[in-house]
Amino acid sequence: MSISKTYLPKETEEKWYSYWLKHDFFKSVPDEREPYTIVIPPPNVTGVLHMGHMLNNTIQDVLVRRARMKGKNACWVPGTDHASIATEAKVVAMLKERGISKKDLTRPEFLAYAWEWKDKYGGIILEQLKKLGASCDWDRTRFTMDEELSEAVIDTFIHLYKKGLIYRGIRMVNWDPQGKTAVSDEEVIRKEVNQKLYYIKYSVASDELPGSDETTGTTQHATGNYLTIATTRPETIMADAAICINPNDERYLHLHGKRVFIPLINREIPVILDGYVTMDFGTGCLKVTPAHDLNDYELGQKHNLPVIDILNDDGTLNEKAQILVGEDRFAARKKIAVLLEEAGALEKVEDYKSQIGFSERTDAVIEPKLSMQWFCKMEEMAKPALDYVLDGEVKLIPEKFVNTYRHWMENVKDWCISRQLWWGQQIPAWYLPNGKYVIAKNIEEALVEAQLIDAVLTIQDLTQEEDVVDTWFSSWLWPISVFDGFKDPDNADINYYYPTNDLVTAPEILFFWVARMIMAGHEFRGQAPFKNVYLTGIVRDKLGRKMSKQLGNSPDPIDLINQYGADGVRVGMLLCSPAGNDLMFDESYCKQGSGFANKIWNAFKLIKGWEVDENLKNPNAIAIEWFGSRFNQALGEIESDFEQYRLSEALMATYKLVWDDFCAWYLEMIKPVYLQPIDQATYIATVQFFENILKVLHPFMPFLTEELWHDELFGERTEKDCCIVAQLPNVGEINARLLSDVEIVKDVITSIRNTRKTKQIADKEPLELFVKTNTDINYQQYQAIISRLGNISQFSTAKDKVAGAINFLASTDEFYIPFNETVDPVAERARLEKEQEYLIGFLKSVNAKLTNERFMSNAKPEVIDIEQKKKADAEAKLTILEENLAALAG
RNA sequence: GGGAGUUUAGCUCAGCUGGUUCAGAGCAUCUGCCUUACAAGCAGAGGGUCACUGGUUCGAACCCAGUAACUCCCA
C-alpha cells in the first residue's frame, strides 16, 4: 500500500467526524465521573462563522477534548442566540425584497416569516462548527427562543418584577431610528467622525418682560447683543430649553439672569448657570437640549427645564420643531444651516472631530431619546456578582480584566431591557383600560390579577405590552436554561453540570453577557455559573484592523479549512493567540499549522516503513530512555501551561516536542540505515512513543491524530478504541542527569556540524573525534549517538591535547577533530583570544559579585551557589583556553 | 476629560518571587545541502540601547516616578 507523500486532510476530516458522531463520543449524560462543562457563547442564529468564532471555538474544543482525555465526563453544550435586532432586521430586509412591508403584517404573521427564516438559515453556523471539529453534544443544542428557554425568560421577568427589580419609566435611551428600537449602551459603537461645528448666534432679550418694548424703544429682538453657541447639531436648536454658562466665566457675567431667543423660531429661553459647562470648549456657551442629549437631560432635570422632543421615532422632525417638519435629521441639519446663514445667525462653521454612537446592529447613528421603557435595577445584583470575581470564585483569565470588571460593576447603571421589536420574548405585562398594568405569566393569570384591581374586567380589556425583552435578557440565563434549570431546578443535569467549568468568550462582552450571567447565576442558583472565564482577544488583520465584513479583510474560515485542513487552521489560530490580547491573524500561521500536520504525517511514514528483525539487539537503549524522559518532562510543561490557560504555549511545547525532540533528534538517533531492519525493542518503544504523541496532539489536531491512531502500525483496534477517548499518559519518571548529559551531547554534535560548515567539510565525509574529559560525563554511553549524528568514523578518548586538530569545548570537556590541512594559527589564536577575553570579562563580573559584601550578605544562598559554580566553570574553561593558546604558540 | 492596558529581534509573542554563562521561542531572513520520512525538508548562521529619562538596589527587561506612542473602556 502506498502512503501519500503529504497529509491530505480532506479525506480524513469528514470520515472521522461522522465516526465520532456515530459512536456518540460527544454525547454526555451524568454519571459517576467528574463533569467538565462548557456552554458555548451562542452565536447569532442567522450568523455565519467568522474568524472570532474560529478562535473561540477552537479553544473550547481543545479544552473539551483534553478534559475528555483526562477521564472527565466532558459536555460542551452548543446552541444559538435569537439576536432580536439583527435577526428582525434581516427578516425585514427579506420581506422587503419580496415586496412585503413589516407594517402591513400582524405580529403573528411577521413571526411566522421570522421562524421560517430561522429554520432555513439557523443551522448554518453550527454546521460550520462541525467542519472545525467542534466536539459539541449536538443532542443538547439549544436556541434562546426554544419553548423552555423563553418560559425561563418570562418567569425570571416576573420574579424580578416581584422583587421590585424591574420597573417602567421614562428615561433617556439610545434610540436606533432605523431599527426603531431602543438599544443598550453596550450595543452602541462609538466611532470618531468628521463633523462640522456650527457657531450660532442667539440674540439677547432686553430686560423688559416679553411684549413690553415701548419704554426703551428697542424691541426684545434688538438689544444688539447676542451670544454665540457652538454645536454639531443645529437641527436641534428648536428643542433648546436654555443656554448654560459657567458661573465663573467672566466673559459672560453680563448675561446672568438674561434670556435669549432661539434663531428662526424666536422662542425665548433662559440663560442658566452651571459649573458643568467647560469654559474652554467652543464659545463657553452651551445650548441645553434636554430631549436630545443625555447630559443636557440631566442638566434640564436639575434646573427644571421643559423637555421638548422634536424628533419622530424614525429620526424625522415633528411638528414641535415648527420648521422643517417631516425632514430627516441629517437633511434638516443641512437645511437649517442655510436658513441660519440667511437669517444672519450663523457666525461660522468649523471642522470638528467627535465621537458618535452607531447602532451595532443597523449602523444607524444613535439618537438619545426619551421614551417609556422597562428597566432592570442592577445595583443590588451587581454587588454579589462583583464579589465572586474579587474573591476569585470566578477567575478571569487573564487577570487584568478584574480591574475593568470592578470598575464597571461599581458604576453599573440600570439595564434598559425593553426593545421595540417583535422577534423575541414579549414582555409579560398586560395593560388595563385605565393605563395601569399587571405582570403575569399569561393572559389568564393576568386577568386574575387585573380583577383584583377592577373586578368587572374581562380578557378583552387586557392588552399585552408590545415590546420584547433585550436578547441579553435571555442569554444571561444560558448556563442555567440549557440544563432546564428554571422549570425543573433540581433535575439531574443541572445538578451535575452546573456550575460549568470554563467559559470562553470575547472581552467585549464581559459586561453585558459575562457579568450578567454571574448575576443571574447568583440570583437563581445561588452559585456563579462558571469557575473560569477565558477571555480571547479580537482577531485583527496584519495591519491591526479588526476583521469585519465591511472592510472585507476577513478570510472565510471555511475556505481556510479547505486550504489548510481543520487541524492546520486550529493550530494556526492557537499559535498566535495569547489570552486576552488581540491577535494579528495572518494566513501564514495556518500554513505553519498544515506544515506541522505534514511533519507528523511523515514521521508516521518513516516508522511505518520499518521492517523488524527480531534477532537484532537493541542498540538504542540510551536514546529510548532519553526520549522517554524528555517526553515526560514536556508532558509536565504542557500540563502546567494548560493549568494556567497558556494554550499557545502548550501548543508550542507540543510542537517542539514533536518536531525537535522526536523528529530531529530521537528519530535521527534510532533510524536504521536505508532498507535495513530495525530491532524489535526500539520498534516497540518508538511506536509507543508515537502513540503517546498522538494523544498529546489530539486536542489540537483531532483529525490527523484520529486518522493515524487507527493505522495497523498500532495493532488491532476495537470499534470504540479511538484517539478522542484515549486517556492522556501520566507524567512518568524523568532522568534529569540523562537529560542534561544529552544537552551536552547535542552541543557536541552541533559543534561537529559547525566545524564541518566552517571548514567546508561535506556531511558525507566521516571524521575522527577525540575527547579529553574534564567532567564525569561518560561519553562511552553516547558514542553511538555522537557518531551517528556527527558522522564520526572513530570516537576515542585522549589523555592529552591532540595537536594539529580542530578543537572545541562542550561544557568543560575538550574535543578534537584531526584535520589534514593545517589549522591556520593566526585565525585560531584570534578565535581563542576572543573567547578568552569574553570569559575574563565574565569572570570579573562574577568575582565582583562574590567579593561584594552586600551581595554575600543579602543574596539568597542558592543564588550564591550559582555564582560560585559560574566562577568555577569559567575558571576551568579559561585554563583550557590558556593551555590551548600555549600549545598554539609552542 | 476620567480609567485600564500595551511598548522586548523584521513579524507574533514568552520572560513566573529582581539573581542560572552579557535576554528566549516560533515565523521570516541569510548560507550550505535534491543526505531514500518530509525541499511543506535538513544543517548552520545572523538579528536586541528590553520605548525614553531619572530613581531604588550589591544587582533592574522586571520595582518606583516622570515622558512619549499606541490600544481599549467610560464620559
Side-chain angles (χ1 to χ4, degrees), chain A residues 3 5-7 185-186 190 278 280-281 294-295 355 398 400-408 411 413 507-508 510-511 537-538 540 542 544 546 564 568 575-578 580-586 588-589 591-610 640-641 644 646 648-649 651-653 655-656 659-660 663-664 667-668 671 673-675 749-758 760 762-764 789 791 811 838-839 841-843 845-846 848-860 862-867 869-871 873-874 877:
Chain A
I3 308 171
K5 200 171 170 185
T6 51
Y7 169 57
D185 290 346
E186 291 79 6
R190 282 171 195 284
T278 320
D280 48 12
F281 177 80
L294 181 59
N295 297 312
Q355 298 268 320
K400 67 176 181 186
F401 286 107
V402 173
N403 279 339
T404 329
Y405 181 85
R406 186 207 337 242
H407 187 256
W408 193 78
N411 297 287
K413 281 186 274 175
E508 26 184 16
L510 181 59
F511 307 124
I538 295 166
R540 296 174 181 278
K542 255 203 294 200
K546 194 172 168 177
Y564 301 102
L575 278 174
C576 58
S577 61
N581 281 336
D582 290 357
L583 55 111
M584 309 296 160
F585 178 79
D586 186 77
S588 63
Y589 289 110
K591 202 172 154 210
Q592 196 183 344
S594 66
F596 185 40
N598 196 48
K599 183 73 187 177
I600 298 160
W601 179 259
N602 276 291
F604 159 76
K605 250 176 67 182
L606 173 69
I607 299 167
K608 192 166 165 62
W610 287 339
S640 123
D641 286 336
Q644 298 168 75
R646 304 167 93 155
S648 59
E649 278 167 63
L651 173 59
M652 190 43 72
Y655 183 93
K656 284 194 266 192
W659 201 307
D660 298 343
C663 294
L667 288 180
E668 293 300 328
K671 96 179 170 191
V673 180
Y674 182 55
L675 290 180
I749 293 162
T750 302
S751 295
I752 294 167
R753 287 170 174 170
N754 225 332
T755 304
R756 286 179 185 278
K757 197 91 172 173
T758 50
Q760 292 179 321
D763 294 345
K764 279 179 188 165
L789 300 186
N791 193 14
S811 181
Y838 159 71
L839 278 169
F842 175 71
L843 198 57
S845 82
V846 174
K849 282 189 198 177
L850 287 171
T851 53
N852 184 322
E853 247 177 71
R854 312 212 11 206
F855 173 76
M856 295 305 282
S857 54
N858 291 332
K860 283 177 265 179
E862 56 269 33
V863 174
I864 294 172
D865 282 353
I866 289 162
E867 292 301 319
K869 188 170 178 302
K870 282 190 207 169
K871 182 183 168 166
D873 262 19
K877 282 189 184 177

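Given the structure is predicted, the values throughout are model-derived calculations rather than measurements. Here is the naming used below: chain letters follow the sequence lines, and residue numbers restart at 1 for every chain. Excluded from the calculations below are hydrogen atoms, water molecules and symmetry mates; all remaining heavy atoms, backbone and side chain alike, are included.
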With the side chain counted from C-beta on, respond yes when I600(A) and W659(A) share a heavy-atom pair under 4.5 Å apart, and no when they do not. no
Taking atom P in both rC22(B) and rG3(B), compute the distance separating them and give it to the nearest angstrom. 42 Å
State which residues pass side chain to side chain donor-acceptor pair (under 3.5 Å) with K591(A); sequence neighbours excluded, sorted by chain then number. none
What's the OH-P distance between Y655(A) and rA25(B), to the nearest Å? 14 Å
Pair pattern of RNA chain B in dot-bracket, where unpaired bases get dots and | marks partners in another strand, Watson-Crick or G-U under 3.5 angstrom: (((((((..((((.....[....)))).(((((.......))))).....(((((..]....)))))))))))).
If the condition is side-chain contact (heavy atoms from CB on, under 4.5 Å), which residues does L606(A) pass it with, not counting sequence neighbours? W610(A), L667(A), K671(A)
Euclidean distance, D641(A) CG relative to M652(A) CE, rounded to 0.5 Å: 11.5 Å
What distance, rounded to whole Å, do you find between the two C1' atoms, one in rU31(B) and one in rC16(B)? 37 Å
In B/S/- notation, 5' to 3', how is nucleotides 37-43 of chain B contacted by protein heavy atoms closer than 4.0 Å? BBSBSSB
D660(A) vs C576(A), nearer the 5' end of RNA chain B by closest nucleotide: C576(A)
The side chain to side chain donor-acceptor pair (under 3.5 Å) partners of S588(A) (sequence neighbours excluded) come to D586(A)
Mind checking the P distance from rC33(B) to rG10(B)? Whole angstroms is fine. 28 Å
When rounded to whole Å, the CG to P distance for the pair N411(A) and rC74(B) reads 12 Å
Between rC73(B) (C1') and I538(A) (CD1): distance, integer Å: 11 Å
For a quick check of understanding: with a heavy-atom distance under 4.0 Å over all strands, which category does R756(A) fall into, base, sugar-phosphate or nothing? nothing
Using whole Å, what does the distance between atom C1' of nucleotide rC27(B) and atom NZ of K656(A) come to? 12 Å
What interatomic distance, in whole Å, is found between P of rG15(B) and the corresponding atom of rA28(B)? 24 Å
Could you tell me whether F596(A) contacts a base, only the sugar-phosphate backbone, or nothing, with contacts defined as non-hydrogen atoms closer than 4.0 Å? nothing
Under the side-chain contact (heavy atoms from CB on, under 4.5 Å) rule, collect the residues that match up with T404(A), sequence neighbours excluded. F401(A), F511(A)
Sorted by chain and residue number, the side chain to side chain donor-acceptor pair (under 3.5 Å) partners of S640(A) (sequence neighbours excluded) come out as Q644(A)
Looking only at atom C1', what distance separates rC62(B) and rG47(B), rounded to whole Å? 24 Å
Residue list, side-chain contact (heavy atoms from CB on, under 4.5 Å) with D763(A), at least two apart or on another chain: R756(A)
Can you check the W408(A) CH2 to rC73(B) P distance for me, whole Å? 14 Å
Polar atoms only, N or O, under 3.5 Å: list the protein pairs with nucleotides 2-8 of chain B and their distances.
none

Does the pair T851(A) and M856(A) meet the rule for a side chain to side chain contact (heavy atoms under 4.5 Å, CB included), with working shown? CA-CA 8 Å; T851(A) 53; M856(A) 295 305 282; over 6 Å; no
List the residues meeting ring pair (Phe, Tyr, Trp, His ring centres under 6.0 Å) with F585(A), not counting sequence neighbours, and say none if there are none. none
I'd like the C1' distance from rC52(B) over to rU7(B), given in whole Å. 11 Å
Please give the distance between the C1' atoms of rU17(B) and rC63(B) as a whole number of Å. 12 Å
Measure CD/E508(A) against C1'/rU71(B) and give the value in whole Å, please. 13 Å
For K605(A), all residues meeting side-chain contact (heavy atoms from CB on, under 4.5 Å), sequence neighbours excluded: I3(A), K5(A), W601(A), N602(A)
note: E867(A), atom CD; rC22(B), atom P; distance rounded to Å ~ 12 Å
For Q644(A) and rA14(B), give me the distance from atom CD to atom P, rounded to whole Å. 13 Å
In terms of the nearest nucleotide of RNA chain B, which residue is placed more toward the 5' end: I866(A) or Q592(A)? I866(A)
CD1 of I752(A) to CG of N791(A): how many Å apart, nearest 0.5 Å? 9.5 Å
C1'-based separation of rG18(B) from rU56(B) [nearest Å]: 12 Å
Got a sec, which residues hit side chain to side chain donor-acceptor pair (under 3.5 Å) with Y564(A), two or more places apart in sequence or on another chain? E587(A)
N/O (side chain, K764(A)) to phosphate O (OP1/OP2, rC34(B)) under 4.0 Å: no
